[in-house]
Structure formats: C-alpha cells, structure tokens
Engineer: 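Pasting a structure below so you can have a look.
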Amino acid sequence: MLVPTGSDLNYSQENIETPKGRQREIACYSWTTASGVTTPVMFKTKEDNGEIQTFDRVNVNFMERKIYCGIPSFEYHCDVLINGVSISKILQYFPERSKWYLLERD
C-alpha cells in the first residue's frame, strides 16, 4: 500500500525494478517553492581521489516521480555545463530520507 507523506507525493505507478546505474551520494543545493516543488540548483560530488567537484550550472529538463520497491523518489533529468560542454545527468531525490544522489549510467 502506498501512503503519501506530503501533498506533493502522489504517485500513480510503482516501479518494481531498482534504478539502473551507480548511485553516488551528493550534496545538493535546491530551491523549494511554498507549494513544495523542489528544483536542484547546484550540486557537489566527491571524486574517488578525494577531490570535490562543483556543478553550479544545472538546467532541469524534466522531473519524474518514481517509486522503487515502495520508496518514493524524484528523478531530475538535467543538463550541466562542464568546461563549456552541456552533459546530461540524472539526479535523484528521496524525500523520506532527505538524500540526493547522482545516477551514473554506463
């Protein structure tokens, strides 16, 4: 049974599979409107060598609400500017955990 935890968490379909790709935990600065709509503005990742990389030019193309094995999430399909080149990225937000992830697909 799906139980929404807020006015913006109404999901119509549950995804049985898990997200495809590697999830990397990120620090994300986001904007949330008074009605509860969240939009990522910038995020930071920690590379394997310990270096912090900042992505401060995030353009959200669209957002999907998903449920993976009963866990609600939002997937933001974004373009980020890296060295003058626009690269597609997927950011995931899990509101029940207040966690952001970068989904890296092979």
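Small disclaimer: the values here were computed from a predicted structure and weren't measured. Basis for what follows: all heavy atoms, side chains included, without hydrogens, waters or symmetry-related copies.
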Engineer: Nearest 0.5 Å please: distance from the CG atom of Leu91 over to the OG1 atom of Thr39.
Structural biologist: 11.0 Å
Engineer: Are Val41 and Tyr93 co-members of a hydrophobic cluster defined by side-chain heavy atoms under 4.5 Å apart?
Structural biologist: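 No, no single cluster joins them.
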Engineer: Are Tyr29 and Trp100 close enough that their ring centers fall under 6.0 Å?
Structural biologist: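 Ring-ring flag for Tyr29/Trp100: false, centres at least 6.0 Å apart.
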Engineer: Name the residue from Arg65, Lys89, Lys66 that meets the salt bridge (charged side-chain N to carboxylate O under 4.0 Å, His left out) definition with Glu75.
Structural biologist: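 Considering Arg65, Lys89, Lys66, a salt bridge (charged side-chain N to carboxylate O under 4.0 Å, His left out) with Glu75 is found only for Lys66.
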Engineer: Which atom pairs, donor and acceptor, lie under 3.5 Å between side-chain atoms of residues 81-88 and protein residues at least two apart or in another chain?
Structural biologist:
residue	atom	partner	partner atom	Å
Ser88	OG	Asp79	OD1	3.2

Engineer: State, to 0.1 Å, how close Pro40 and Val58 come at their nearest heavy-atom pair, and which atoms those are.
Structural biologist: O-CG1, 4.1 Å
Engineer: If the condition is side chain to side chain contact (heavy atoms under 4.5 Å, CB included), which residues does Glu25 pass it with, not counting sequence neighbours?
Structural biologist: Lys99, Tyr101
Engineer: Let's go through Tyr76 and Thr38 carefully: what are the C-alpha distance in whole Å and the side-chain angles of both, what is the deciding distance for side chain to side chain contact (heavy atoms under 4.5 Å, CB included) to 0.1 Å, and is it a yes or a no?
Structural biologist: CA-CA 10 Å; Tyr76 297 88; Thr38 302; 3.7 Å; yes
Engineer: Could you pull out all residues at least two apart from Thr33 that satisfy side-chain hydrogen bond (donor to acceptor under 3.5 Å, both in side chains)?
Structural biologist: Ser35
Engineer: Heavy atoms only: give me the nearest Pro95-Phe74 pair and the separation to one decimal.
Structural biologist: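 So the minimum-distance heavy-atom pair works out to CG-CE1, 3.8 Å.
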Engineer: Could you measure the distance from the SG atom of Cys78 to the CD1 atom of Ile90? Nearest 0.5 Å is fine.
Structural biologist: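 Result: 9.0 Å between the selected atoms.
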Engineer: Show every donor-acceptor pair shorter than 3.5 Å between a side-chain atom in residues 42-53 and any protein atom, with sequence neighbours excluded, or say none if there are none.
Structural biologist:
residue	atom	partner	partner atom	Å
Thr45	OG1	Glu47	OE2	3.0
Asn49	OD1	Glu51	N	3.0

Engineer: Among all residues two or more places apart in sequence or in another chain, which pass the side-chain hydrogen bond (donor to acceptor under 3.5 Å, both in side chains) test with Arg24?
Structural biologist: Glu104
Engineer: Quick one: pull up CG in Leu103 and CD in Gln92 and give me the separation to the nearest 0.5 Å.
Structural biologist: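 Here the interatomic distance stands at 4.5 Å.
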